[in-house]
Amino acid sequence: MQAALVARLAAVFLCFAPGTLMAISVLPSLRQLRYLVAVSERLNFHDAAADCHVTQSTLSGRIKELERLLEVAVVQRHTPAVRMTGAGG
């Protein structure tokens, strides 16, 4: 499981910064990336939040922070489904 998580997180970094280095101050937190992976696996904020042992509003807020930090939408929020954008998935 850890190897798969590391591979997914590496893919997220490569997706957001192809061929470039991001300054340390703008790197997402490991928690934000774990939440992003959970959302991409479940495609549902409620289920992803349960997997991460946080509330849905906490998970959604951290994903929004991640999107502001990276200046790109990583998920398309559609009730009841969630879709990953090209940058997020």
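Sequential numbering from 1 along the given sequence is applied to the chain's residues.
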Legend entry - For Ser29, all residues meeting side-chain hydrogen bond (donor to acceptor under 3.5 Å, both in side chains), sequence neighbours excluded: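 Only Gln32 meet the side-chain hydrogen bond (donor to acceptor under 3.5 Å, both in side chains) criterion with Ser29.
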
Legend entry - Qualifying residues under side-chain hydrogen bond (donor to acceptor under 3.5 Å, both in side chains), relative to Arg42, sequence neighbours excluded: Asp51

Rounded to the nearest 0.5 Å, how far does [atom2] of [Y] lie from [atom1] of [X]?
X     : Y     : atom1 : atom2 : result
Tyr35 : Leu66 : OH    : CG    : 12.0 Å
Ile63 : Arg68 : CD1   : CZ    : 11.5 Å
Leu59 : His53 : CG    : NE2   : 12.5 Å

Inset, instruction - Determine the minimum heavy-atom distance between Leu43 and Ser40, stating which atoms define it. - result: CD2-O, 3.7 Å

Inset, instruction - Ignoring hydrogens and angles, tell me if any N or O in the side chain of Glu67 forms a donor-acceptor pair with the backbone of Val75 under 3.5 Å. - result: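 Yes, Glu67 side chain to Val75 backbone: donor-acceptor pair under 3.5 Å.
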
Inset, instruction - With the side chain counted from C-beta on, respond yes when Val39 and Arg77 share a heavy-atom pair under 4.5 Å apart, and no when they do not. - result: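 No. Closest side-chain heavy atoms not under 4.5 Å.
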
Legend entry - Donor + acceptor pair across side chains of Ser57, Ser60 (<3.5 Å):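 On atom types as modelled, these side chains do not qualify, holding no pair under 3.5 Å.
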
